[in-house]
Chemist: 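Sending over a structure as structure tokens; questions will come in a sec.
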Amino acid sequence: MELGMTQIMPKSVARVTQRIIQLSLVHGMSPVSPIGFVHLGSYIAKFGDISGGYHYVKLARSLLDKVGSRESAGEVICIGTQIVAYVE
């Protein structure tokens with residue numbers, strides 16, 4: 001799920017995020033998992049629970065190191081920095 005999808009098909013981002021997290025929890029973490037968790041954290045923060053969103057952003061950032069996902073690192077850092085900058 002690249003940043004382009006959020007611009008082209010914004011209504012489907014929530015469904016794709018949910019599916020990424022569901023598959024990650026059932027089958028284990030993959031290089032795409034950090035994207036799902038950072039989007040979840042972003043949505044949670046947008047709906048008012050900033051500390052809850054921050055928790056998922058931190059999880060996504062730590063997964064970047066564990067699953068070695070260089071392809072999604074830019075998106076995770078970009079989206080996550082918005083919440084991290086607000087909290088820290």
Side-chain angles (χ1 to χ4, degrees):
M1 184 165 67
E2 295 181 15
L3 204 53
M5 189 179 113
T6 60
Q7 296 171 352
I8 296 170
M9 298 170 40
K11 291 183 181 181
S12 66
V13 174
R15 269 182 285 159
V16 173
T17 298
Q18 177 187 8
R19 187 68 176 149
I20 290 172
I21 292 172
Q22 181 183 29
L23 290 171
S24 296
L25 294 176
V26 171
H27 298 289
M29 298 300 141
S30 74
V32 180
S33 298
I35 296 173
F37 285 106
V38 81
H39 276 284
L40 177 64
S42 175
Y43 281 126
I44 290 173
K46 285 178 188 175
F47 288 119
D49 185 9
I50 297 184
S51 64
Y54 178 67
H55 172 75
Y56 285 104
V57 168
K58 284 187 356 183
L59 173 64
R61 287 178 143 194
S62 70
L63 282 174
L64 280 176
D65 297 332
K66 297 199 183 345
V67 295
S69 178
R70 291 179 182 232
E71 295 163 352
S72 61
E75 184 173 356
V76 171
I77 291 169
C78 177
I79 293 170
T81 299
Q82 297 172 6
I83 296 158
V84 171
Y86 185 81
V87 173
E88 296 176 355

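What you see below is based on every heavy atom in this structure, not just the backbone, and it leaves out hydrogens, waters and symmetry mates. Computed from a predicted structure; not experimentally measured.
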Chemist: Quick check on side chain to side chain contact (heavy atoms under 4.5 Å, CB included): which of Leu64, Leu63, Val57, Thr17 does Val38 satisfy it with?
Modeler: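 Answer after filtering Leu64, Leu63, Val57, Thr17: Val57.
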
Chemist: Which distance, rounded to the nearest 0.5 Å, do you find between the CG of Leu23 and the CD of Gln18?
Modeler: 10.5 Å

Chemist: Identify all side-chain donor-acceptor contacts of residues 77-88 below 3.5 Å with residues at least two apart in sequence or on another chain.
Modeler:
from	atom 1	to	atom 2	distance (Å)
Thr81	OG1	Arg61	NH2	3.4
Thr81	OG1	Ile77	O	2.5
Glu88	OE2	Tyr54	OH	2.5

Chemist: In residues 27-34, what donor-acceptor pairs under 3.5 Å come from side-chain atoms, sequence neighbours left out?
Modeler:
from	atom 1	to	atom 2	distance (Å)
Ser30	OG	Val32	N	3.2
Ser33	OG	Ser24	OG	2.6
Ser33	OG	Ser30	N	2.8
Ser33	OG	Ser30	O	3.3

Chemist: Once you measure the plane-to-plane angle for Tyr43 and His39, does it fall in the parallel (<30°), tilted (30-60°) or perpendicular (>60°) bin?
Modeler: tilted

Chemist: Who pairs with Gln22 by side-chain hydrogen bond (donor to acceptor under 3.5 Å, both in side chains), at least two apart in sequence or on another chain?
Modeler: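 For Gln22 the side-chain hydrogen bond (donor to acceptor under 3.5 Å, both in side chains) partners, ignoring immediate neighbours, are Arg19.
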
Chemist: Please name the pair of heavy atoms, one in Ile50 and one in Ala45, separated by the smallest distance, quoted to 0.1 Å.
Modeler: CG1-O, 4.0 Å

Chemist: Can you list the residues that meet the side chain to side chain contact (heavy atoms under 4.5 Å, CB included) rule with Ser62, with sequence neighbours excluded?
Modeler: Leu59

Chemist: Using the test side-chain hydrogen bond (donor to acceptor under 3.5 Å, both in side chains), find all partners of Ser42 that sit at least two apart in sequence or belong to another chain.
Modeler: none

Chemist: With Ile44, which residues qualify under side chain to side chain contact (heavy atoms under 4.5 Å, CB included), at least two apart?
Modeler: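 So Ile44 forms a side chain to side chain contact (heavy atoms under 4.5 Å, CB included) with Leu40, Asp49, Tyr56.
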
Chemist: I need the Phe37 CZ to Lys58 NZ distance, nearest 0.5 Å.
Modeler: 15.0 Å

